[in-house]
Number of protein chains: 2
Amino acid sequence: MKKVSLSDISKELGVSKTLVSFVMNGRAKEKRINDEVAKKVLAKAKELGYKADYLARAMRTGKSQTIGLVMADISNPFFSKLARSIENEIAKFGYNVIFGSSDEDHIKSGKLIEVFKDKKVDGLIICPTVGDKNHIKKLNKEKYPYVLVDRYFKEIPSNNVMVDNYGGSFEIVDNQIKSGRKKIAFINFNVELINMMDRFHGYLEALKVNGYELDNTLVKNVSFKDIEKETYEAMEELLNVNPKIDSIYFANNRLAFLGIKYLIENNINDLKKLQLSSFDGFDFMPLMQMHISYGIQPIEQLGISAVDSIMKQINNKEESSKHAMLPMDLSLIN
Amino acid sequence: MKKVSLSDISKELGVSKTLVSFVMNGRAKEKRINDEVAKKVLAKAKELGYKADYLARAMRTGKSQTIGLVMADISNPFFSKLARSIENEIAKFGYNVIFGSSDEDHIKSGKLIEVFKDKKVDGLIICPTVGDKNHIKKLNKEKYPYVLVDRYFKEIPSNNVMVDNYGGSFEIVDNQIKSGRKKIAFINFNVELINMMDRFHGYLEALKVNGYELDNTLVKNVSFKDIEKETYEAMEELLNVNPKIDSIYFANNRLAFLGIKYLIENNINDLKKLQLSSFDGFDFMPLMQMHISYGIQPIEQLGISAVDSIMKQINNKEESSKHAMLPMDLSLIN
DNA sequence: CTGAAAGCGCTTACAG
DNA sequence: CTGAAAGCGCTTACAG
């Protein structure tokens with residue numbers, strides 16, 4: 001089963017490669033090629049099992065029908081669901097996706113971006129890390145099609161698709177307050193990711209609107225690398241130093257998972273005394289010992305919007321710097 | 001920042017493209033190129049910011065430095081963790097991975113395999129679906145590098161990396177019996193995936209070894225597509241028809257999740273009466289209301305072994321049809 | 001309506 | 001030790 005090329009067809013039929021190429025690319029009408037000839041070409045192509053060589057075409061046209069997806073960690077459910085949504089949506093355009101995980105390390109994400117560009121992806125979908133500013137600036141300068149997902153930089157113009165972190169966070173905390181909680185602790189990451197900052201600001205605003213003072217001893221920031229240890233430490237400090245805490249709000253599901261793990265391991269499970277909430281959840285949250293309020297991120301829509309943006313850019317239909325924001329869904333417990 | 005090509009360097013330096021190519025590919029010594037000349041080339045390449053065009057090279061050499069990963073569903077934690085393991089491991093060889101989800105549909109997986117081959121991936125890592133036999137046979141015939149993961153076909157030779165489904169399943173059920181359970185129900189998928197069949201056989205063997213009779217009313221098989229509804233139905237039938245059931249064993253974590261959801265929604269949570277076990281788990285299983293015994297699949301090792309196999313094949317170091325089997329880890333509750 | 005030819009940026013057999 | 005040249009399989013401006 002040796003490779004069939006354009007020239008095999010052209011030779012067998014005694015026509016030029018040009019003609020065959022036009023026909024195979026569906027440009028027969030446009031190029032006003034004789035119907036009979038076009039049919040013959042198509043038939044012969046089928047007979048020989050011709051399939052255009054992807055690499056040759058990609059090299060010539062500069063289009064690879066592939067996009068690159070750079071995110072923090074494909075094994076994290078948020079990202080794997082996002083990846084799936086992107087896969088499904090972009091398949092509609094005949095595209096595939098090549099992916100890489102940065103672990104929130106901008107050295108890694110920078111390398112991934114470069115490699116994917118080398119591999120001539122037609123566009124990039126990126127969940128940028130804090131240090132990715134320069135990479136984004138570079139993409140802007142090169143006018144390389146890309147869209148940021150889940151995070152962006154206020155000071156750098158970009159196409160991006162975001163979740164309403166601020167609004168969702170506000171609602172969750174506001175609900176805690178409305179259900180009578182007085183001392184609401186907050187555990188977040190100690191990085192300057194805009195999505196995490198916005199969640200903090202939502203927390204602040206909910207306090208303010210309800211006439212609560214911010215108590216800095218109630219706010220803990222843990223590092224991404226040492227998340228297990230530091231979350232445990234944060235829980236311990238919160239509960240020991242401040243025994244009046246009656247609610248803990250986790251900035252994401254991983255933190256919530258670890259926090260709940262701590263509580264269960266330490267037999268702290270009186271939900272009347274201590275209520276829990278999390279910015280986003282896992283499927284299993286409703287099945288746990290510790291009931292918890294949580295937000296539901298519109299992950300599928302996030303992927304759809306990202307693909308929409310990148311495909312518009314690839315087809316030159318979109319101006320740059322479009323900021324999209326999707327609302328959160330909430331599962332609240334009183 | 002226009003593209004710098006080989007010939008740019010060769011022109012500037014007055015040497016041939018051949019020479020530049022050799023130097024850039026680290027074959028200077030081998031080709032016994034003058035050290036001075038080689039250094040000059042390297043310096044000029046650096047000065048100009050030369051980077052070999054990936055597509056041109058790939059077209060010429062037929063190597064894309066990319067592998068294709070075909071699995072059931074990237075958003076399923078098992079597969080997303082596997083994807084991550086593969087990503088990490090293959091990065092060590094300078095490779096990237098392009099992925100696609102088949103949803104256990106062999107039409108989809110067949111298409112993915114074809115597309116990835118079109119895109120000239122150097123190898124494929126595949127979690128095959130039941131209907132993929134012909135696709136695998138075709139790959140065998142073409143001698144295309146691939147390795148099966150998590151499933152394989154007994155009647156078709158292949159390189160594959162498996163988990164010890166039979167042994168792990170045996171241990172789990174044996175543990176239930178040893179802890180005094182008399183009527184152990186089993187919920188599985190109704191498909192002929194070898195991994196699921198092996199889990200069933202492990203269940204059978206544990207019964208047999210302990211002198212239990214197989215009671216067919218205790219075994220339920222649900223479909224992949226209608227999993228939620230059918231798992232609920234299975235749970236209902238099991239518990240109503242057979243009130244003496246004192247243990248339910250789920251063939252995978254998704255089934256366990258749904259089964260537990262059913263139990264919680266129906267307030268059935270007396271673990272003394274009804275014990276639970278699952279072939280594989282989720283991180284959160286220890287945190288749930290319903291305690292459950294579960295196996296822990298060596299996912300990371302699965303990815304590492306798969307990459308090992310595929311890279312050996314790509315580098316022509318491995319004969320075909322190597323069957324690897326990795327042991328399960330268990331988290332058992334009495 | 002159709003074709004000869006150039007070119008994308010590499011690699012490599014061949015020649016000296 | 002080095003180079004001229006062919007070729008991978010396409011696409012497309014140009015010419016008629």
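Within every chain, numbering begins at 1; the chains are lettered A, B, ... in the order of the sequence lines, protein sequences first and strands thereafter. A quick note: this is a predicted structure, and the numbers were derived from the prediction, not measured.
Residue-to-nucleotide proximity on DNA chain D shows that, of B:Val37 and B:Ala56, the 5′-proximal contact is made by B:Val37.
Using a 4.0 Å heavy-atom criterion, one finds that A:Ala58 contacts no nucleic acid atom at all. Residue A:Lys51 is in sugar-phosphate contact alone, with no base atom involved, counting any heavy-atom pair closer than 4.0 Å across all strands shown.
Between A:Asp103 and B:Arg84, at least one side-chain N (NZ, or NE/NH1/NH2) sits under 4.0 Å from a carboxylate O, which counts as a salt bridge. Between B:Lys44 and B:Glu12, at least one side-chain nitrogen of the basic residue sits less than 4.0 Å from a carboxylate oxygen of the acidic one, meeting the salt-bridge criterion. The existence of a salt bridge linking A:Glu155 and A:Lys133 is confirmed by a sub-4.0 Å separation between a basic side-chain nitrogen and an acidic carboxylate oxygen. Under 4.0 Å is where a charged nitrogen must lie from a carboxylate oxygen, and between B:Asp132 and B:Arg151 no such pair does. By the 4.0 Å N-to-carboxylate-O rule, A:Glu114 lies close enough to B:Lys51 to be salt-bridged with it.
Pair assignment for D:dA4: none, as no Watson-Crick or G-U wobble contacts are both less than 3.5 Å. When both pairing distances are held under 3.5 Å, C:dA13 makes no Watson-Crick or G-U pair with any nucleotide shown.
Each of D:dT2, C:dC10, D:dT12 was ranked by its minimum atom distance to the side chain of B:Leu19; first place goes to D:dT2. Listed candidates were C:dG3, D:dT11, D:dG3. Nearest to the side chain of A:Val15 is C:dG3.
Taking only side-chain nitrogens and oxygens, A:Tyr50 comes nearer than 4.0 Å to OP1 or OP2 of D:dC10. B:Ser21 has a side-chain polar atom (N or O) that falls below the 4.0 Å cut-off from OP1 or OP2 of C:dT11. Considering only side-chain N and O atoms, A:Arg57 lies under 4.0 angstrom from the phosphate OP1 or OP2 of D:dT11.
For residues 104-137 of chain B, no pair satisfies ring-ring contact (aromatic ring centres under 6.0 Å, His included), with sequence neighbours left out.
Between B:Met59 atom CE and C:dC8 atom P the separation is 12 Å, expressed in whole Å. Taking atom OH of B:Tyr54 as the reference point, atom C1' of C:dC8 lies 16 Å away to the nearest angstrom. Between the CD atom of A:Glu36 and the C1' atom of C:dC1 there is a distance of 14 Å, given to the nearest Å. The CD1-P distance, from A:Ile9 to C:dG3, rounds to 14 Å in whole Å. To the nearest angstrom, P of D:dT2 lies 12 Å from CZ of B:Phe22. For the pair A:Met24 CE and D:dT12 P, the computed distance is 15 Å after rounding to whole Å. Here the P atom of nucleotide C:dG9 and the NZ atom of A:Lys119 are 20 Å apart, to the nearest Å. Distance, A:Asp53 CG to C:dC8 P: 18 Å, rounded to whole Å.
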Could you go through nucleotides 4-7 of chain D and list every protein N or O atom that sits under 3.5 Å from one of its N or O atoms, giving the distance for each pair?
{"from": "D:dA4", "atom 1": "N6", "to": "B:Thr18", "atom 2": "OG1", "distance (Å)": "2.4"}
{"from": "D:dA5", "atom 1": "N6", "to": "B:Thr18", "atom 2": "OG1", "distance (Å)": "3.4"}
{"from": "D:dG7", "atom 1": "N2", "to": "B:Arg60", "atom 2": "NE", "distance (Å)": "2.4"}

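With sequence neighbours excluded, no residue forms a ring pair (Phe, Tyr, Trp, His ring centres under 6.0 Å) with A:Tyr95.
Taking NZ of A:Lys312 as the start and CD1 of A:Ile314 as the end, the distance is 13.0 Å to the nearest 0.5 Å.
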